[in-house]
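What follows is a single structure, written as structure tokens, with notes after it.
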Amino acid sequence: ELLQSGSEYGNPSSTSHDYGDVAGDLVDAARGQVAAAVGADPAEVVWTSGATEANNLAIFGVAQYYRERGRHIITARTEHKAVLDACRELERRGWQVSYLVPDREGLLDPEQVAAALRPDTVLVSLMHVNNEIGVVQNIAAVGALCAEHGGAWLHVDAAQSVGKCPIHFASLGADLMSLSAHKVYGPKGVGALIVAQRGETRGRGCVQLTPLQFGGGQERALRAGTLPTHQVVGMGLAFELAMRTSSVETVRVAHLQQRLWQGLATLGGVQRNGSATRAVPHILNVSFEGVEGESLLAAVRPHVAASTGSACTSALAEPSYVLRALGRSERLSESSLRFGLGRTTSEADIDAAVAVLTREVQRLRKIAGTAAA
Amino acid sequence: ELLQSGSEYGNPSSTSHDYGDVAGDLVDAARGQVAAAVGADPAEVVWTSGATEANNLAIFGVAQYYRERGRHIITARTEHKAVLDACRELERRGWQVSYLVPDREGLLDPEQVAAALRPDTVLVSLMHVNNEIGVVQNIAAVGALCAEHGGAWLHVDAAQSVGKCPIHFASLGADLMSLSAHKVYGPKGVGALIVAQRGETRGRGCVQLTPLQFGGGQERALRAGTLPTHQVVGMGLAFELAMRTSSVETVRVAHLQQRLWQGLATLGGVQRNGSATRAVPHILNVSFEGVEGESLLAAVRPHVAASTGSACTSALAEPSYVLRALGRSERLSESSLRFGLGRTTSEADIDAAVAVLTREVQRLRKIAGTAAA
Amino acid sequence: MNYNELTRRYFSSAAGAGELSGADVFRGTAGDREQGTWVQFDLQVREGIVMAARFLAFACPHTVAVSAWLAEQAVGKPVNPRLPESLQYLQERFGMPVEKTGRLLIIEDAWLGAAVPAIDYRR
Amino acid sequence: MNYNELTRRYFSSAAGAGELSGADVFRGTAGDREQGTWVQFDLQVREGIVMAARFLAFACPHTVAVSAWLAEQAVGKPVNPRLPESLQYLQERFGMPVEKTGRLLIIEDAWLGAAVPAIDYRR
Ligand SMILES: Cc1ncc(COP(=O)(O)O)c(C=O)c1O
Ligand SMILES: Cc1ncc(COP(=O)(O)O)c(C=O)c1O
């Protein structure tokens with residue numbers, strides 16, 4: 001190349017550069033990897049800057065496109081902020097939103113969705129794996145309800161699913177599915193929205209969206225902007241690796257989670273948050289009675305990478321709304337820790353974490369005068 | 001760290017991880033680098049996935065927030081698609097948009113803005129450096145007009161400015177400014193919107209925006225989503241390097257551009273697009289008479305990285321709307337090439353490019369029977 | 001835009017580009033440069049045989065390549081009142097996108113513009 | 001949340017955590033665990049001098065640290081009817097965010113709850 005093009009690596013949507021051709025091939029390969037990992041078609045992958053954008057694109061996109069058909073949306077209290085805050089904004093703009101409340105285990109009954117569906121419902125947005133407590137919702141049953149309803153599209157936030165439990169878009173009956181790379185050991189700042197193209201076979205057209213950002217016509221004109229080739233390639237690789245290793249890895253992680261929970265349970269005054277059976281093992285959420293939340297975190301954080309509340313929202317330092325939705329008191333919600341278990345976690349890590357937590361919780365209970373609690 | 005956190009590097013907006021602290025410091029440093037390069041305050045930097053998102057956030061953000069105050073927007077025919085397509089969407093939603101037409105050199109007269117301003121104008125969106133023809137608009141004069149008007153905010157798309165010509169946000173009188181990393185040798189998929197915080201000194205509050213994507217409260221709650229630390233760090237570095245080298249580099253590039261233009265001019269039947277004096281030297285846009293556009297590109301592209309139309313939109317293979325707005329015929333717009341000159345371009349590259357172009361244009365003119373033209 | 005090998009070869013060699021003159025030269029043109037596609041064929045025909053063929057094309061690489069191929073293959077054969085291959089075949093061989101079908105029709109018009117009078121002349 | 005060195009030191013040692021008992025022990029408590037902050041001071045006072053001091057705190061690290069420091073510094077000095085330093089000074093020294101000012105008031109209440117009766121008793 002004698003003169004450089006405007007960008008370093010070429011624009012994969014550009015048809016006039018040789019650089020662009022190479023970049024386009026890389027992006028196509030990544031599209032295939034992501035699609036294969038989640039049971040979707042490569043053409044259904046719309047790249048985004050993360051699951052936050054994917055969630056916003058799904059929710060605003062459907063709401064705006066179908067605003068003449070209806071302005072009612074169903075979601076749940078335990079969704080990610082990206083879903084809840086988008087819904088709140090739609091409420092400010094005149095939409096109505098039903099927020100389903102899960103049971104004390106964090107689970108929704110598909111009957112709750114059935115009861116909430118209205119003629120003017122245009123969207124049901126529910127997550128597959130909850131990011132704070134790891135519970136897995138029965139999305140397929142909801143998919144069937146939406147298909148029966150005919151007018152309600154189903155969006156699934158699956159940012160936490162890939163590599164943690166099987167997820168197959170085509171079988172879920174979902175129309176839209178949000179994905180994120182960095183939850184699967186990929187780079188931050190890239191994700192995807194899967195947009196179904198097989199609606200015809202189900203007797204209604206495919207879901208349509210009004211884009212969030214315009215200009216340039218990339219990604220089936222659903223998401224304008226220069227594609228970051230290196231980011232997308234990273235996401236593809238991460239998803240391929242996740243798919244290859246996940247079943248073996250899940251058994252190993254389940255064992256570690258068991259060990260962690262049993263270790264902590266001997267402390268007494270601990271409660272596990274969320275269903276233990278309908279959940280992925282990569283997330284364990286535990287409430288510690290008799291200790292104040294901020295002190296708990298400060299005491300363990302030099303040694304154990306745990307978080308309070310949602311890892312994504314802890315800038316706001318408020319008690320987890322997810323745990324509150326499960327009926328936990330404000331205090332207990334604050335003194336809860338979310339442990340993430342994954343590829344790099346070993347048995348020795350678990351034992352060390354149990355030791356630190358046991359020591360620190362006992363110490364804090366002594367300081368708090370709640371040691372007998 | 002005994003147990004891993006949910007993400008690999010920690011979430012810079014999270015206050016509860018040590019990882020997060022390091023990432024936060026890196027992001028802050030990058031914020032400082034970007035701000036310093038464009039004469040803004042670090043607190044005014046809102047990270048986005050690129051200038052496309054920044055443009056959309058500025059336009060939809062202002063339109064939505066001030067929709068009760070007015071629904072009129074002023075922009076220009078030669079803006080980037082991300083601006084034009086966002087404005088078209090607003091027109092579909094009931095806003096009115098005035099599209100200013102530049103002169104044959106691609107320049108706008110601030111008087112055109114003055115004439116277009118209406119009591120219900122809420123936004124003027126104009127680019128600083130045009131991506132296809134390199135002309136530089138007189139933004140400061142427009143800034144003064146907007147300040148006088150009082151109700152119209154000024155958004156500047158400066159994606160092509162950094163490293164190519166001086167740009168100083170605080171002096172432009174702009175309220176919003178879009179930036180992109182990959183136009184400055186940084187990574188693709190990251191950019192920023194500068195959102196002024198110094199409005200008070202000008203006798204009206206600061207510009208307010210309704211976000212495009214919600215959830216999580218990152219970036220002053222203007223742009224939710226996990227920050228890609230590595231991307232943002234890359235952008236910061238790219239901007240710092242651009243600032244350090246740009247004045248020397250600009251002289252060198254101006255010389256190369258001169259050499260390229262003189263070389264091509266000897267062909268005859270060539271026209272330069274856009275003002276030669278009020279432009280950055282990094283972009284040269286030339287129309288070749290007597291050759292068909294697609295063949296021209298096909299003939300030179302194995303040897304010279306030039307593009308037709310906007311590099312960002314050439315997936316659509318339509319004649320450049322920018323050149324059409326300058327009054328070029330459809331045919332001549334199609335047979336125009338945009339050359340990007342930059343850091344890696346040498347004199348030898350220029351001479352080789354001139355040789356290839358001379359050979360191929362003469363050959364194509366012979367084939368087209370236009371050799372005498 | 002990607003071009004297949006055949007298109008690339010005929011576009012870059014474009015061996016038969018040019019014009020012919022003389023009483024035995026038949027010329028056909030079609031299209032309009034202002035509309036983006038213009039093609040011209042010159043056939044030198046003696047006793048019903050194409051002695052030489054040239055083309056000019058202000059056109060995309062596909063159109064240039066097809067025109068160049070047509071000129072090349074015609075030489076030494078009896079002048080043909082139709083294209084030697086179907087439009088569909090040409091489209092496939094040269095990997096021409098369907099959006100460009102109209103350009104094949106321009107090629108055909110130019111070809112017939114030269115070949116039909118040549119035939120008529122022979123009669 | 002970041003904590004300064006002083007806060008980290010007193011939070012992690014929390015040397016004076018505990019309770020005292022006896023006729024010469026004065027106890028003050030304030031706050032409410034259910035509201036998130038609860039503090040208790042036990043001062044053992046003999047002839048107007050603090051012989052021993054203990055604290056309990058169900059509270060954030062800042063509150064724990066300030067309470068621990070108060071208990072530590074009191075020992076061996078005449079019982080003080082006020083905090084030994086202004087709230088503003090404590091806030092600065094321990095790098096306590098302004099949002100937590102209410103917690104300093106709880107500490108003060110608990111402190112006075114123990115110290116004031118001890119003073120009264122001496123009179
Ligand atoms: C369930 C869920 N949805 C959405 C997101 C947001 O994803 P991203 O960080 O890619 O924007 C997260 C957190 O990262 C999540 O856990
Ligand atoms: C002037 C201008 N604005 C906006 C953009 C879009 O920027 P990005 O690729 O970062 O989305 C571009 C092209 O890249 C541009 O040249």
Side-chain angles (χ1 to χ4, degrees), chain A residues 1-9 11 13-18 49-50 52-53 55-56 80-82 85-86 89 182-183 185 187-189 212-217 224-226 228-229 231 297 301 303-308 311-317 339-342 344-345 349 352-353, chain B residues 1-8 11 13-18 49-50 52-53 55-56 80-82 85-86 89 182-183 185 187-189 212-217 224-226 228-231 297 301 303-308 311-317 339-342 344-345 349 352-353:
Chain A
E1 305 277 344
L2 295 185
L3 296 179
Q4 55 140 29
S5 68
S7 76
E8 273 193 295
Y9 308 100
N11 185 337
S13 295
S14 160
T15 54
S16 12
H17 288 70
D18 288 328
S49 64
T52 296
E53 183 187 333
N55 285 344
N56 277 269
H80 190 266
K81 280 270 184 204
D85 288 359
E89 175 67 16
H182 72 104
K183 297 292 161 197
Y185 305 95
K188 289 199 279 188
L212 267 190
Q213 51 187 66
F214 294 80
T226 304
T229 313
Q231 294 275 90
L297 193 65
R301 130 185 142 137
H303 317 288
V304 181
S307 57
T308 51
C312 300
T313 60
S314 54
L316 304 178
F339 303 97
L341 286 71
T344 57
T345 316
D349 292 337
Chain B
E1 304 276 344
L2 296 184
L3 296 178
Q4 56 138 30
S5 70
S7 75
E8 273 193 295
N11 185 335
S13 294
S14 159
T15 54
S16 10
H17 287 70
D18 287 327
S49 63
T52 296
E53 183 187 334
N55 285 343
N56 277 269
H80 190 266
K81 280 271 185 204
D85 288 358
E89 174 68 15
H182 72 105
K183 297 292 160 196
Y185 306 94
K188 288 199 280 188
L212 269 189
Q213 50 187 66
F214 295 79
T226 304
T229 312
H230 62 295
Q231 294 274 90
L297 193 66
R301 130 184 140 137
H303 316 289
V304 180
S307 56
T308 50
C312 300
T313 60
S314 53
L316 304 178
F339 303 96
L341 286 72
T344 57
T345 315
D349 292 337

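Naming convention: chains lettered A, B, ... in sequence-line order (proteins, then strands); numbering from 1 in each chain.
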(request) Measure across F214(A) and T52(B) and return the closest heavy-atom pair with its distance rounded to 0.1 Å. (result) O-CG2, 3.8 Å
(request) Could you tell me the separation between the OG1 atom of T226(A) and the NZ atom of K183(B), rounded to the nearest 0.5 Å? (result) 6.0 Å
(message) Within this structure, what is the NZ-NE2 distance for the pair K188(A) and H230(B), rounded to the nearest 0.5 Å?
(response) 8.5 Å
(request) With a 4.5 angstrom heavy-atom cut-off, could you sort out which part of E53(A) is near chain B: side chain, backbone, both or neither? (result) both
(request) Please report the shortest heavy-atom distance between S49(B) and S49(A), naming the atom on each side. (result) CB-CB, 3.7 Å
(request) Give, as side chain, backbone, both or neither, the part of N56(A) having an atom under 4.5 angstrom from any heavy atom of chain B. (result) side chain
(message) Using 0.5 Å steps for rounding, measure from the CD atom of Q213(A) to the CD atom of Q213(B).
(response) 7.5 Å
